[in-house]
Amino acid sequence: MVLTFSEVLKAAGVFAYPLLGCSILALAIFIERTFSLFFRQVFPTPLLDALVAGEVNQVAADLRNAGGRIVNFYRGNSSDPDGLKAYARLEISRLERGIFLLDIIVAVAPLLGLLGTVTGLVGVFSGFDAESTLADTAQFGKGISLALSTTILGLATAIPAIAAATW
């Protein structure tokens, strides 16, 4: 028997809500960072070509992108290479904003799934005693199957978030 997505969500109970929230947040961060970090927005092609050709002073510094802000800083402080490195690191940290939330989701989602699984298994085992019949064993197996649905949701949230954070 294969469970459908709606059956997994229903079986996850209250744990489905935070896991669904984690999934939506991870997707929103991934989409926002993908558009924000599009290479032409970070380092436009004319700026990159000028840097490769060594003609940094002949290109306009657009303060709307990280490359332009770094070039602008360089023009004002070209005698301080350590300052330029520090400023470039600052720009990189600005570009990585929000990524820490993906790291949190990667850590929390499987733990929420595990918590749901343990909660479900406690419920199943509390109704299973020495006088149980074979018919109760089928119910026991079904209960375990449904308890594991939170693990499925937790991993289904964490795995794409790991891929997004790494990419």
Side-chain angles (χ1 to χ4, degrees), residues 1-45 47-48 62-70 73 85-167:
M1 176 176 117
V2 176
L3 293 175
T4 65
F5 182 71
S6 63
E7 290 173 328
V8 171
L9 277 178
K10 187 170 36 168
V14 71
F15 296 101
Y17 298 112
L19 287 167
L20 189 60
C22 286
S23 295
I24 292 169
L25 181 60
L27 181 62
I29 292 168
F30 176 73
I31 290 170
E32 189 274 332
R33 290 288 79 202
T34 298
F35 285 113
S36 294
L37 296 177
F38 189 63
F39 189 73
R40 290 189 183 115
Q41 291 181 355
V42 175
F43 261 91
T45 304
L47 177 60
L48 183 61
D62 183 4
L63 299 179
R64 293 176 296 174
N65 59 62
R69 289 189 295 270
I70 291 171
F73 182 86
K85 287 178 188 175
Y87 188 78
R89 283 190 200 109
L90 176 67
E91 284 296 326
I92 289 170
S93 70
R94 289 178 65 189
L95 293 172
E96 292 176 342
R97 72 178 182 271
I99 300 298
F100 76 96
L101 291 172
L102 284 177
D103 294 335
I104 292 171
I105 291 169
V106 165
V108 168
L111 294 176
L112 281 171
L114 182 62
L115 180 63
T117 300
V118 170
T119 303
L121 290 176
V122 166
V124 168
F125 284 125
S126 66
F128 196 69
D129 57 12
E131 288 87 32
S132 295
T133 65
L134 191 55
D136 291 336
T137 307
Q139 186 66 26
F140 176 76
K142 184 178 177 186
I144 289 176
S145 159
L146 294 180
L148 292 175
S149 64
T150 55
T151 301
I152 292 169
L153 287 176
L155 293 175
T157 300
I159 291 169
I162 289 170
T166 302
W167 184 68

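Both backbone and side-chain heavy atoms feed into the values below; hydrogens, waters and symmetry mates do not.
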So which heavy atom on [X] is nearest to which on [Y], and how close?
| X | Y | result |
| --- | --- | --- |
| Val106 | Pro110 | O-CD, 3.1 Å |
| Gly68 | Asn65 | N-OD1, 2.6 Å |
| Phe15 | Thr119 | CZ-OG1, 3.7 Å |
| Ala164 | Phe30 | CB-CD1, 3.4 Å |
| Arg69 | Leu63 | NH1-O, 3.0 Å |

* Passing candidate, side-chain contact (heavy atoms from CB on, under 4.5 Å) with Thr117, options Leu112, Ile152, Leu148 ->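 With Thr117 as partner, Leu112, Ile152, Leu148 yield a single side-chain contact (heavy atoms from CB on, under 4.5 Å), made by Leu148.
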I need the [X] [atom1] to [Y] [atom2] distance, nearest 0.5 Å.
| X | Y | atom1 | atom2 | answer |
| --- | --- | --- | --- | --- |
| Leu25 | Leu20 | CG | CG | 11.5 Å |
| Cys22 | Leu102 | SG | CG | 10.5 Å |
| Ile29 | Ile24 | CD1 | CD1 | 12.0 Å |
| Thr150 | Leu114 | OG1 | CG | 8.0 Å |
| Ile99 | Ile104 | CD1 | CD1 | 12.0 Å |
| Leu115 | Leu19 | CG | CG | 9.5 Å |

Between [X] (side chain only) and [Y] (backbone N and O only), is there a donor and an acceptor less than 3.5 Å apart?
| X | Y | result |
| --- | --- | --- |
| Arg97 | Arg33 | no |
| Ser93 | Leu90 | yes |
| Thr157 | Ser23 | no |

